[in-house]
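Notes follow once the structure below has been shown.
Only a predicted model underlies this, so the values are computations on that prediction, with no experimental measurement involved.
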Amino acid sequence: MALWLMKSEPDAFSIDHLAQRPRQQAPWDGVRNYQARNYLRAMAVDDLAFFYHSSCPEPGIYGVVRIARLAYPDPSQFDPKSEYFDPKSDPAEPRWSMVDVALERRFERPIALEALKTVPQCSEMLILRRGNRLSITPVTAREWRALMSRVDE
DNA sequence: GCCAACGTTGGC
DNA sequence: GCCAACGTTGGC
């Protein structure tokens with residue numbers, strides 16, 4: 001089983017939005033970066049991912065989601081009215097993928113970015129790298145354990 | 001294929 | 001709002 005971190009601006013889509021969806025499940029659409037897309041396609045059902053809020057007053061990890069459906073074409077790429085519309089994507093060979101995620105756990109106390117930076121086992125995390133803009137990144141088992149043990153303290 | 005210009009991201 | 005970082009675009 002692989003572990004991930006998925007970033008979203010909470011104004012657009014937050015862990016609270018996910019919690020309000022039927023069955024607390026939703027498509028993770030709008031990824032328009034090739035490397036992030038490749039990570040989406042590498043995900044397996046039941047992989048777990050941290051849900052990270054960015055561009056907000058308190059950036060950080062707000063909970064955990066489970067991958068509920070394997071990557072499939074993101075319909076918004078073909079919708080001219082969508083902000084994610086991509087006129088260059090060929091319906092015969094869709095360029096952009098998405099997965100479905102289901103809420104696994106919402107942290108009572110989120111792990112703030114500020115706190116994340118102080119965890120020694122997490123010093124190599126991609127999210128902490130200056131200028132990193134990837135919205136989907138792999139997380140190691142060691143990083144995962146270190147963070148989950150903080151949550152459960 | 002190079003690379004400058006431009007747009008976007010995201011913490012602060 | 002600022003600014004650094006980085007991906008994408010497009011002229012050559």
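Atom CG of A:L5 and atom P of B:dG10 are 11 Å apart (whole Å). Rounding to whole angstrom units, CD1 of residue A:I61 and P of B:dG11 are separated by 12 Å. Rounding to whole angstrom units, CZ of residue A:R133 and P of C:dC3 are separated by 18 Å. When the P atom of B:dT8 is taken as reference, atom CD of A:E9 falls 12 Å away, rounded to whole Å. Nucleotide B:dG11 holds its P atom 14 Å from the CG atom of A:L134, rounded to whole Å. Rounded to whole angstrom, the span from the CD atom of A:E114 across to the P atom of B:dG10 amounts to 19 Å. The CD-P distance, from A:E83 to B:dG7, rounds to 18 Å in whole Å. One can place CG of A:N33 at 10 Å from P of B:dG10, the figure rounded to the nearest angstrom.
For A:K7, counting side-chain heavy atoms from C-beta on, the closest listed nucleotide (B:dG10, C:dC6, B:dG11) is B:dG10.
Remark: the A:W96 side chain and the A:D86 side chain contain an N/O donor-acceptor pair separated by less than 3.5 Å. A:S54 and A:E9 form no side-chain donor-acceptor contact under 3.5 Å, judged by distance and modelled atom types alone.
In this structure, A:K117 reaches the B:dC12 phosphate: one of its side-chain N or O atoms is under 4.0 Å from OP1 or OP2. Between A:K88 and C:dT9 there is a side-chain polar atom (N or O) within less than 4.0 angstrom of OP1 or OP2. Distances shorter than 4.0 Å separate none of the side-chain N or O atoms of A:Y34 from OP1 or OP2 on C:dC6.
A:S54 comes within 4.0 angstrom of the backbone, heavy atoms only, and of no base.
For the salt bridge (Lys or Arg N to Asp or Glu O under 4.0 Å) test, no residue two or more places apart in sequence or in another chain qualifies with A:R109.
The six-membered or imidazole ring of A:W4 lies near that of A:Y39, with a centre-to-centre distance under 6.0 Å.
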